[in-house]
2 protein chains.
Amino acid sequence: MTERAEAAGPERDPEAVSKFVEGFAAQLVEAGMQRMPARVFAALLASDSGSLTSAQLGEQLQVSPAAVSGAVRYLAQQHMVAREREPGSRRERYRVHSNQWYEALTNREAVLKRWEAALREGVTSLGAETPAGRRMAETLAFFEFVDEEIAAMMERWRVHREKTFGAP
Amino acid sequence: MTERAEAAGPERDPEAVSKFVEGFAAQLVEAGMQRMPARVFAALLASDSGSLTSAQLGEQLQVSPAAVSGAVRYLAQQHMVAREREPGSRRERYRVHSNQWYEALTNREAVLKRWEAALREGVTSLGAETPAGRRMAETLAFFEFVDEEIAAMMERWRVHREKTFGAP
DNA sequence: CGCTACTTTCAGAAATTTGTGAAGTTAAGA
DNA sequence: TCTTAACTTCACAAATTTCTGAAAGTAGCG
């Protein structure tokens with residue numbers, strides 16, 4: 001089994017790559033992510049350089065440029081990939097920053113905030129002294145607690161990571 | 001039709017309830033949950049007793065018994081509601097245990113485990129010494145870290161909750 | 001300035017998901 | 001045992017989502 005370096009033409013066992021990509025994407029889908037973003041993300045994760053062009057993605061996943069465009073837009077919004085322009089070309093590369101992306105995954109912050117807002121409204125409109133209001137207030141407190149804890153956890157991860165894998 | 005369960009107390013404004021239910025459900029949907037389970041869950045959360053019968057749910061949400069059945073099956077699988085048989089009736093009640101349910105929400109444990117499995121396979125099949133393999137190994141390490149942290153966090157929440165809201 | 005190489009947008013076809021009515025199943029109570 | 005209230009399952013219609021091809025935009029380079 002030969003391990004080709006990637007610089008020029010990454011001819012890695014395409015079947016092994018594809019198997020991983022589809023398998024991991026399937027798990028992400030099951031967790032609620034849309035299929036195409038999940039596949040694109042998995043493909044990037046499985047690339048040696050951590051970045052691929054739009055054309056490469058379309059080729060590898062057998063989908064149209066339009067599909068890649070849509071998926072990438074979504075991923076960029078979620079901060080799960082970065083877009084970078086290749087200097088001297090209008091070709092774009094999409095990249096998983098090994099740090100960045102899992103922060104994004106935990107970064108349900110925006111989601112949590114909206115849940116909290118909805119709950120706060122519920123507590124007010126149903127009455128803080130009603131049983132339902134009390135239950136919702138407790139739920140709200142839980143999310144607020146989680147918010148803070150997640151931040152602290154990510155900080156610990158950064159430390160742990162540097163110890164284990166070296167430089168940031 | 002002895003259904004006036006939420007007896008006593010001030011009349012609840014059905015419109016306020018509905019507004020909360022639909023609003024909160026919408027947020028859950030946006031985060032990846034299916035619509036009907038989200039609505040059912042929100043309705044339970046907003047009920048004073050914390051539990052409703054299948055008929056009450058169908059009535060309040062304007063959906064068929066079949067839809068309620070499906071939604072409730074899903075929620076029970078996710079441990080987000082408990083089913084209880086009313087003694088002396090085949091009527092069933094669905095309940096949010098104020099503790100239980102947010103544990104379930106954080107309880108992505110099963111999900112995380114499957115992600116980890118997929119990543120482990122990827123590391124093996126692409127080679128632990130390849131750049132892609134290393135990236136996936138780091139990702140895997142992150143999830144393993146999160147697993148442990150979540151457990152610890154829930155423990156801290158239990159303590160915090162008892163201090164703030166009293167008895168479990 | 002316009003050519004060309006990419007990317008994005010958009011309307012609609014195709015696939016998937018969702019909810020319904022109706023039939024099927026189960027168990028309480030007579 | 002039979003009746004009947006209640007939940008569940010199933011096939012299908014409706015709604016929604018997803019992907020595509022084609023047209024339109026955008027920016028480097030001659």
Side-chain angles (χ1 to χ4, degrees), chain A residues 18 21-22 25-44 49 51-78 80-95, chain B residues 1-5 18 21-22 25-44 51-78 80-95:
Chain A
S18 175
V21 168
E22 299 306 329
Q27 298 303 329
L28 294 177
V29 168
E30 199 157 338
M33 191 185 273
Q34 292 155 356
R35 177 167 307 277
M36 196 56 66
R39 295 179 74 208
V40 166
F41 184 74
L44 287 171
S49 64
S51 82
L52 295 170
T53 66
S54 186
Q56 291 175 308
L57 284 166
E59 156 85 15
Q60 188 183 331
L61 302 177
Q62 289 295 309
V63 294
S64 70
V68 174
S69 174
V72 150
R73 174 163 33 132
Y74 172 84
L75 290 171
Q77 271 170 358
Q78 307 298 312
M80 293 179 71
V81 308
R83 339 165 68 111
E84 17 186 86
R85 214 32 165 288
E86 285 189 337
S89 159
R90 42 243 142 266
R91 183 174 296 161
E92 213 144 10
R93 302 189 74 80
Y94 307 108
R95 151 161 281 130
Chain B
M1 216 240 238
T2 5
E3 270 345 343
R4 278 294 297 128
S18 176
V21 168
E22 299 306 329
Q27 298 303 329
L28 294 177
V29 166
E30 199 157 339
M33 192 186 273
Q34 293 156 355
R35 178 168 306 278
M36 196 55 67
R39 296 179 73 209
V40 166
F41 184 74
L44 287 171
S51 80
L52 296 170
T53 65
S54 186
Q56 290 175 312
L57 285 166
E59 156 87 15
Q60 188 182 331
L61 303 175
Q62 289 295 308
V63 295
S64 69
V68 174
S69 174
V72 150
R73 175 163 33 134
Y74 173 84
L75 290 171
Q77 271 170 358
Q78 307 297 312
M80 293 179 70
V81 307
R83 338 165 68 113
E84 20 185 84
R85 214 34 165 289
E86 287 189 335
S89 159
R90 38 229 149 276
R91 182 174 298 163
E92 213 143 10
R93 301 190 75 80
Y94 307 107
R95 151 161 281 129

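Residue numbers start from 1 in every chain, and the chains themselves are labelled A, B, ... in the order their sequence lines are given, proteins ahead of strands.
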Item to complete: Measure the OG-CD distance between B/Ser51 and B/Glu86 for me, rounded to the nearest 0.5 Å.
Response: 8.0 Å

Discussion item. What does the B/S/- profile of nucleotides 17-30 of chain C look like, 5' to 3', with a 4.0 Å heavy-atom cutoff to protein?
Written reply: -SSBB------SS-

In whole angstrom, what separates [X]'s [atom1] from [N]'s [atom2]?
X	N	atom1	atom2	result
A/Gln77	C/dT8	CD	P	12 Å
A/Arg91	C/dT4	CZ	P	17 Å
A/Tyr74	C/dT9	OH	P	17 Å
A/Arg73	C/dT7	CZ	C1'	11 Å
B/Glu92	D/dA5	CD	C1'	13 Å
B/Leu75	D/dT8	CG	P	13 Å
A/Glu86	D/dA27	CD	C1'	14 Å
A/Leu61	D/dT18	CG	C1'	15 Å

Where [X] and [Y] come nearest, the two heavy atoms and their spacing:
X	Y	answer
B/Phe41	B/Met80	CE1-O, 3.7 Å
A/Leu44	A/Tyr94	CD2-O, 3.2 Å
B/Arg95	B/Glu84	NH1-OE2, 2.6 Å
A/Ala43	A/Val21	CA-CG2, 3.8 Å
A/Ala71	A/Val40	CB-CG2, 3.7 Å

Discussion item. With a 4.0 Å limit, can you tell me whether A/Ser54 has a side-chain N or O closer than that to the phosphate oxygens OP1/OP2 of C/dC6?
Written reply: no

Worksheet item: Is the shortest side-chain N/O distance from A/Arg93 to OP1 or OP2 of C/dT7 below 4.0 Å?
Response: no

Worksheet entry | Under 3.5 Å: donor-acceptor pair, side chain of A/Arg35, backbone of A/Ala25 |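 Looks like no, no N/O pair under 3.5 Å.
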
Discussion item. I'd like to know if the side chain of B/Arg83 and the backbone of B/Ala76 have a donor-acceptor N/O pair within less than 3.5 Å.
Written reply: no

Can you check nucleotides 13-16 of chain D for protein contacts, nitrogen or oxygen pairs under 3.5 Å, and list what you find?
none

Worksheet entry | Polar side chain donor-acceptor pair, B/Arg91 to B/Thr53, under 3.5 angstrom | no

Worksheet item: Do the non-hydrogen side-chain atoms of A/Ser49 and A/Arg93 ever get within less than 4.5 Å of each other?
Response: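 They are in side-chain contact.
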
Output a table of nitrogen or oxygen pairs between the protein and nucleotides 12-14 of chain C separated by less than 3.5 Å.
none

Worksheet item: Per the side-chain contact (heavy atoms from CB on, under 4.5 Å) rule, which among A/Met33, A/Arg39, A/Gln34 passes with A/Leu28?
Response: A/Met33

